[in-house]
Amino acid sequence: MTTALPGSPFLAYRGQDLYLEDVSLRELALTHGTPLYVYSRQAMLAALAPYQRALKGRAHLVCYAVKANSNIAVLQTFAQAGCGFDIVSSGELARVLAAGGDPAKVVFSGVGKTRQEMAEALQAGVKCFNVESTAELEVLSDVAAGLKLTARISLRVNPDVDAGTHPYISTGLKGNKFGIAHELAVQTYQRAASLPGIDVVGIDCHIGSQITDTGPYLDALDRVLDLVEAIEAAGVKIHHLDLGGGLGITYTDEKPPAADELIGLLLTRIDARGHGHREVMFEPGRSLVGNAGVLLTEVMFLKPGEQKNFCVVDAAMNDLMRPALYEAYMGIVNLRQRTDTPAVVWDVVGPVCESGDWLGRDRALNVQPGDVLAVLSAGAYGMTMASNYNTRGRAAEVMVDGAQTWVIRERESVRELFSQERLLPAK
Ligand SMILES: *Cc1c(COP(=O)(O)O)cnc(C)c1O
């Protein structure tokens, strides 16, 4: 009997044991230890397919947002599938290059690019800088002209629409630090077109993350197309439309639109407004990798209490920060379905010395010490946000493909954690 879990068709119980593709997660935990991130290569490719299907037959580029999961084997998977990349640092650029990604398919986003990062991206030949302020534009012009290179740019415009998501991951509202205000866009484009070392190629927006409605996307698109018309009327040509990332996934009961459904609606609007000749770009992160990964963690102690029952596991907020940072809900299941113990309501907590160190609250689970749990939908903003807080080495990462498995990152040793530190001279 196979029982699927919400979120990923690649994750299912076979009999009593949880499998990712054709791999028993329990066996992986025994072999590699916990905490352990495990990703499904097929799930990533299956998440990409509707983007590519919907954009087939028109000039397009899907730029995977590296910050969602930057392991070089993940980047390699998307590079081989034809993707470009959305990067936010020269560190991410170095990863893309190490993974065999094509710099000519890279867009460079972010509000705080340094001169050094600009130079590295120019020398690598990135497709486009998504510029977020006039000040950045002037510096980029200076750096490019100094190197006798040309920076192809889009301005990231802030369409001032509410994406209806968590305030920490909403980026398209006036009060956010991101992008150039709608009202200043035309004059900033005119300024860009006049600067040495700058070549205007497109327009960009990214309104937030974990968006589960099509409405905000269509509103943002309309605002962007209004701007394109105004910018071109002012004499500056725009080639591509980059509509950002942000499509949500199912963590529990969210019902985000499928990528091809969303893109179909957007393309219909683009065509209806006479912009169908433009290259269309997207920058998805979470929706390509979120439900392709799980975090495995062993139950160490059960601590029943008067007000709360605590299930203490060996993964913590340093391994997976989303619950502590955004009070995010992530599904938690036992790798082995138990029938011998009754379900009890637990707070699943880690060993870190912070009350915010929890992975799930009020979860009905049948668990015993020694069991291994899977935190679901952990493929995005999991490992990339991990830290060494409490001097805890970061988890290992494994990729599965069918029945094959590869370690794509070794577990960090304690020695590595302070190898860069130095004692003061002896007295
Ligand atoms: C984070 C980010 C993305 C990806 O967002 P998701 O919600 O993971 O799809 C895309 N573009 C930019 C500019 C970003 O900052």
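Any value given below was found using the heavy atoms of this structure, including those in side chains, with hydrogens, waters and symmetry copies removed. We count ligands from 1, going down the list as the structure has it; atoms in each ligand are counted the same way. Note that the structure is a prediction, hence the values are computed from the model and not measured.
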Handout entry: Polar contact flag for Q210 and ligand 1 (N/O pairs, less than 3.5 Å)
Key = no
Practice task
Spell out, as yes or no, whether a donor-acceptor pair under 3.5 Å connects the side chain of K113 to the backbone of S90.
Solution key: no
Completion exercise
For atom 15 (O) of ligand 1, the closest protein heavy atom turns out to be K67 NZ, 2.7 Å
Exercise for the section: Name the closest protein heavy atom to atom 13 (C) of ligand 1, giving the residue it belongs to and the distance to 0.1 Å. Expected result: E283 OE1, 3.5 Å
Exercise for the section: Any chance you could measure I180, atom CD1, to N158, atom CG, to the nearest 0.5 Å? Expected result: 10.0 Å
Handout entry: SB check K67 E92 (cutoff 4.0 Å)
Key = no
Completion exercise
The residue among Y64, F78, Y381 that forms side-chain contact (heavy atoms from CB on, under 4.5 Å) with N69 is Y64
Exercise for the section: Taking R322 for its side chain and Y329 for its backbone only, find out whether a donor-acceptor pair lies under 3.5 Å. Expected result: no
Practice task
Flag Y381 as yes when one of its N or O atoms lies below 3.5 Å from any N or O atom of ligand 1, and as no otherwise.
Solution key: yes
Practice task
Go through ligand 1 atom by atom and flag the ones less than 4.0 Å from a non-hydrogen atom of G245.
Solution key: 9 (O), 10 (C)
Practice task
Within a distance under 4.0 Å of any heavy atom of R156, pick out the atoms of ligand 1 and give their elements.
Solution key: 13 (C)
Practice task
Taking only heavy atoms of R286 into account, list the atoms of ligand 1 that are under 4.0 Å away from them.
Solution key: 6 (P), 8 (O), 9 (O)
Problem - Proximal ligand 1 atoms for G285, defined as those under 4.0 Å from one of its heavy atoms - result: 4 (C), 6 (P), 8 (O), 9 (O)
Practice task
Could you tell me the residue and atom name of the protein heavy atom closest to atom 7 (O) of ligand 1, and the distance to it rounded to 0.1 Å?
Solution key: S209 OG, 2.3 Å
Problem - Distance-only N or O hit between ligand 1 and D86, under 3.5 Å - result: yes
Exercise for the section: State whether D242 and K127 are salt-bridged, where the test is any N-O pair (Lys NZ or Arg NE/NH1/NH2 against Asp/Glu carboxylate O) under 4.0 Å. Expected result: no
Practice task
Please determine if R156 and E283 form a salt bridge, counting it only when a charged side-chain N lies under 4.0 Å from a carboxylate O.
Solution key: no
Problem - Contact check, side chains of F85 and L93, non-hydrogen atoms, under 4.5 Å - result: no
Handout entry: Within reach of ligand 1, part of H206 (heavy-atom separation under 4.0 Å)
Key = side chain
Practice task
Would you check if D219 and P159 make a side-chain contact, meaning some heavy-atom pair closer than 4.5 Å?
Solution key: no
Practice task
Would you check the N or O atoms of S287, main chain and side chain alike, for any that come under 3.5 Å of an N or O of ligand 1?
Solution key: no
Exercise for the section: For ligand 1, note which part of A65 has a heavy atom under 4.0 Å away: side chain, backbone, both or neither. Expected result: side chain
Handout entry: Pairs satisfying side chain to side chain donor-acceptor pair (under 3.5 Å), at least one member in residues 20-32, at least two apart
Key = R14-D22, E21-S40, E21-Q42
Practice task
State if P284 counts as touching ligand 1 under the rule of any non-hydrogen atom under 4.0 Å.
Solution key: yes
Exercise for the section: Report, in ascending order of atom number, the atoms of ligand 1 lying under 4.0 Å from any heavy atom of S109. Expected result: 13 (C)
Handout entry: Any G246 heavy atom less than 4.0 Å to ligand 1
Key = yes
Practice task
May I ask you to check if ligand 1 and L247 share an N or O to N or O distance below 3.5 Å?
Solution key: no
Exercise for the section: Give a yes or no on whether the backbone of N388 and the side-chain of N318 come within a donor-acceptor separation of less than 3.5 Å. Expected result: no
